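Scroll down for the structure; my scribbles are underneath it.
Remember, it's a predicted structure, so these values are computed and weren't measured experimentally. Numbering of ligands and ligand atoms starts at 1, following listing order. Heavy atoms only: backbone and side chains are in, while hydrogens, waters and symmetry mates are out.
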Amino acid sequence: MSILIINIKELLQVRDTNVTIVKGSDMNILPVLKNAYLLIDHDTIVEYGSMDEYSAIEADEVIDASGKIVLPTWCDSHTHIVYAGDRTQEFVDRINGLSYEDIANRGGGILNSAEKLQNTSEDDLYKQASERLHDVIKMGTGAIEIKSGYGLTVDAEIKMLRVIKRLKKEFPIKVKPTLLAAHAIPKAYKDNKTAFIDLVVNEMIPRVAKDNLADYIDVFCEKGYFDLEDTERVLKAGLAHRLTPKIHVNQFNAFGGVELATKYDALSVDHLEEMNPEDISALKHSDTIPVALPSCSYFLSIPYTPGRAIIDAGLPLALASDYNPGSTPSGNMNFVVSSACIKMKLTPEEAINAATINGAYAMGISNMYGSICRGKKANVIITKEIPSYQYLPYAFGNNHIDTVIINGQKFE
Ligand code: NIG
Ligand code: FE
């Protein structure tokens with residue numbers, strides 16, 4: 001099966017060489033080919049070029065993209081889409097004055113989701129998560145990382161990871177699973193956090209690694225959750241089982257988690273709403289990519305990650321959704337890209353780089369995803385007719401997507 005897309009108004013993120021990350025001032029460069037064509041064969045991008053140099057190519061299907069933009073699908077490197085039910089009541093409680101912290105302190109928050117998840121069957125969990133995954137693909141996501149972390153027991157974490165494995169098998173998009181082993185201190189370990197870390201290190205991680213259910217290890221490194229010492233223990237145990245660190249850090253407090261993550265060669269550090277100069281300098285001496293989650297800041301009314309300062313320091317930045325029931329009940333990467341422009345002062349070029357190629361880097365897949373490059377996976381978004389690519393973040397909240405192609409096939 002081959003698809004030829006012709007008369008493309010603007011073909012974005014076109015890379016002749018297989019660039020796998022963009023940093024600093026290079027993030028402001030988004031290569032664009034105007035009046036272009038793109039040829040897809042099976043699941044692969046095989047050719048592209050200008051319509052001026054185009055001579056008839058045979059293809060099973062020809063799509064006329066006159067007036068439309070074509071770009072790589074979004075690479076969402078941080079989500080928690082496997083969860084049970086919702087936390088609408090906590091949302092209302094926050095409107096009425098409680099903080100995210102207040103809700104967690106009274107036993108709500110992550111513990112609320114964990115209780116719901118523990119009481120939900122694997123099939124029901126799969127059904128709920130598959131609906132979310134279907135919806136985000138329709139909104140242009142073509143590769144996704146999915147975390148566990150609402151289990152908080154060995155069995156419930158395994159249940160979540162099995163659901164992720166099933167999503168990976170049933171859906172055409174790339175799925176990268178993460179064991180978020182230490183997400184919150186379970187009620188049963190309220191007064192004995194060390195015993196919970198022992199469980200994570202001695203049982204959860206070895207079991208998950210043995211069953212090959214995760215690629216990454218995550219920890220919620222935060223005051224009231226897991227401190228530097230806990231985080232270090234979990235990261236070390238993960239690494240001993242070949243799970244690469246990719247951690248939640250600096251969401252509410254900055255206390256050295258970024259430096260610790262870089263010491264263990266984390267693939268990414270995510271959230272970073274609070275940042276110290278030391279965090280920037282630790283990142284400068286590492287291959288760890290910072291990941292911003294602006295729709296979480298929007299939903300919780302907390303500061304936005306200082307993306308402008310991160311990029312101006314010469315660093316790379318990725319954008320992800322954080323789709324989860326508590327802090328971001330939305331997986332719309334189009335909104336993420338808009339928010340990064342509107343609230344974090346990223347240019348459209350920077351935001352699109354951050355949500356495509358750098359998002360792919362933050363999942364360890366940027367050699368095959370995140371740009372229009374010969375030989376890469378044919379995952380593309382075809383927009384409706386719009387004036388320019390800058391219109392995507394500008395006209396926020398509207399659906400500009402006409403077609404999503406995953407692995408060379410239209411996604412319905
Ligand atoms: O990334 N911060 C930690 N974990 C999630 C939210 C968890 C929840 O509230 O359910 C996040 O924001
Ligand atoms: Fe998260």
Side-chain angles (χ1 to χ4, degrees), residues 76-91 93-94 98-118 120 128-129 132 136 144-152 156-157 160 164 176-186 216-227 230-231 234 245-254 257 261 266-274 290-305 318-331 333 336 339 359 362-363:
D76 189 353
S77 66
H78 181 138
T79 82
H80 313 242
I81 64 163
V82 177
Y83 60 83
D86 62 81
R87 305 228 299 266
T88 311
Q89 185 54 50
E90 292 181 3
F91 167 65
D93 292 344
R94 282 198 301 108
L98 289 183
S99 69
Y100 184 78
E101 199 182 1
D102 295 334
I103 290 167
N105 288 343
R106 67 169 194 196
I110 296 168
L111 296 184
N112 178 359
S113 286
E115 195 177 328
K116 286 191 167 83
L117 187 133
Q118 287 163 9
T120 302
Q128 295 184 40
R132 292 177 198 120
V136 299
I144 194 166
E145 182 259 16
I146 310 175
K147 299 173 194 298
S148 67
Y150 290 118
L152 304 184
E157 286 293 300
M160 288 188 79
I164 300 172
K176 294 293 274 183
T178 297
L179 170 62
L180 173 45
H183 195 193
I185 302 155
Y216 302 114
I217 182 79
D218 194 349
V219 179
F220 187 18
C221 178
E222 184 57 61
K223 281 192 182 153
Y225 294 82
F226 300 98
D227 61 22
D230 306 327
T231 303
V234 175
K246 186 168 164 58
I247 76 168
H248 282 76
V249 71
N250 290 37
Q251 184 175 3
F252 301 106
N253 297 282
L267 178 59
S268 71
V269 279
D270 303 34
H271 272 289
L272 310 173
E273 288 86 345
E274 301 297 330
V291 179
L293 311 165
S295 36
C296 171
S297 298
Y298 175 80
F299 187 72
L300 292 186
S301 301
I302 61 174
Y304 286 82
T305 303
L319 290 168
S321 72
D322 198 17
Y323 194 174
N324 76 75
S327 72
T328 323
S330 158
M333 284 294 286
V336 169
S339 310
M363 284 185 271

Heavy atom of the protein closest to [atom] (residue, atom name, distance):
atom                    : value
atom 2 (N) of ligand 1  : Gln251 OE1, 2.6 Å
atom 4 (N) of ligand 1  : His183 NE2, 2.8 Å
atom 12 (O) of ligand 1 : Ser327 OG, 2.6 Å
atom 11 (C) of ligand 1 : Asp322 OD2, 3.2 Å

Mark up the atoms of ligand 1 that fall under 4.0 Å of a heavy atom belonging to [X], in ascending order.
X      : answer
Tyr150 : 7 (C), 8 (C), 10 (O)
Asn324 : 5 (C), 6 (C), 7 (C), 8 (C), 10 (O), 11 (C), 12 (O)
Phe220 : 2 (N), 3 (C)
His78  : 1 (O)
Gly326 : 8 (C), 9 (O), 10 (O)
Tyr100 : 6 (C), 7 (C), 8 (C), 9 (O)

Identify which one of Leu319, Asp270, Asn250, Leu272 satisfies the side chain to side chain contact (heavy atoms under 4.5 Å, CB included) criterion when paired with Thr305.
->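 Checked Leu319, Asp270, Asn250, Leu272 against Thr305; only one passes side chain to side chain contact (heavy atoms under 4.5 Å, CB included): Leu272.
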
Describe, in one word, how the ring planes of His183 and His248 are oriented to each other, choosing from parallel (under 30°), tilted (30 to 60°) and perpendicular (over 60°).
-> tilted

Can you label the angle between the Tyr323 ring and the Tyr83 ring as parallel, tilted or perpendicular, going by 30° and 60°?
->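 Because their plane-to-plane angle is over 60°, the rings of Tyr323 and Tyr83 count as perpendicular.
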
Metal check, the Fe ion (ligand 2) vs [X] N/O/S, cut-off below 2.8 Å:
X      : value
Asp270 : no
His80  : yes
His271 : no

Audit row: Leu300, Arg94, side-chain contact (heavy atoms from CB on, under 4.5 Å) steps and yes/no = CA-CA 9 Å; Leu300 292 186; Arg94 282 198 301 108; 3.6 Å; yes

Determine yes or no for a side-chain-to-main-chain donor-acceptor pair under 3.5 angstrom, with Glu222 supplying the side chain and Val249 the backbone.
-> no

Arg87 and ligand 1 - part of the residue with a heavy-atom distance under 4.0 Å | side chain

Distance-minimising heavy-atom pair for Ser113 and Pro325 |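 Nearest heavy atoms, Ser113 then Pro325: OG-CG, 3.4 Å.
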
CE on Met363 to NZ on Lys246, rounded to 0.5 Å = 7.0 Å

Any chance CD of Glu115 has more than 12 other-residue heavy atoms, nucleotides or ligands included, within less than 6.0 Å?
-> no

Flag if over 12 foreign heavy atoms under 6.0 Å of CZ, Phe252 = yes

Tell me which N, O or S atom of His78 sits nearest to the Fe ion (ligand 2).
->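 For His78, the N/O/S atom sitting closest to the Fe ion (ligand 2) is NE2.
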
Rounded to 10°, how big is the angle at the Fe ion (ligand 2) from His248 NE2 to Asp322 OD1?
->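 NE2 of His248 and OD1 of Asp322 make an angle of 170° at the Fe ion (ligand 2), to the nearest 10°.
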
Is a side-chain donor-acceptor pair under 3.5 Å present for His271 with His78?
-> no

Mind checking whether Ser113 has an N or O less than 3.5 Å away from an N or O of ligand 1?
-> no

Checking side-chain contact (heavy atoms from CB on, under 4.5 Å) for the pair Leu293/Thr328: CA distance, chi angles, key distance, verdict?
-> CA-CA 9 Å; Leu293 311 165; Thr328 323; 5.9 Å; no

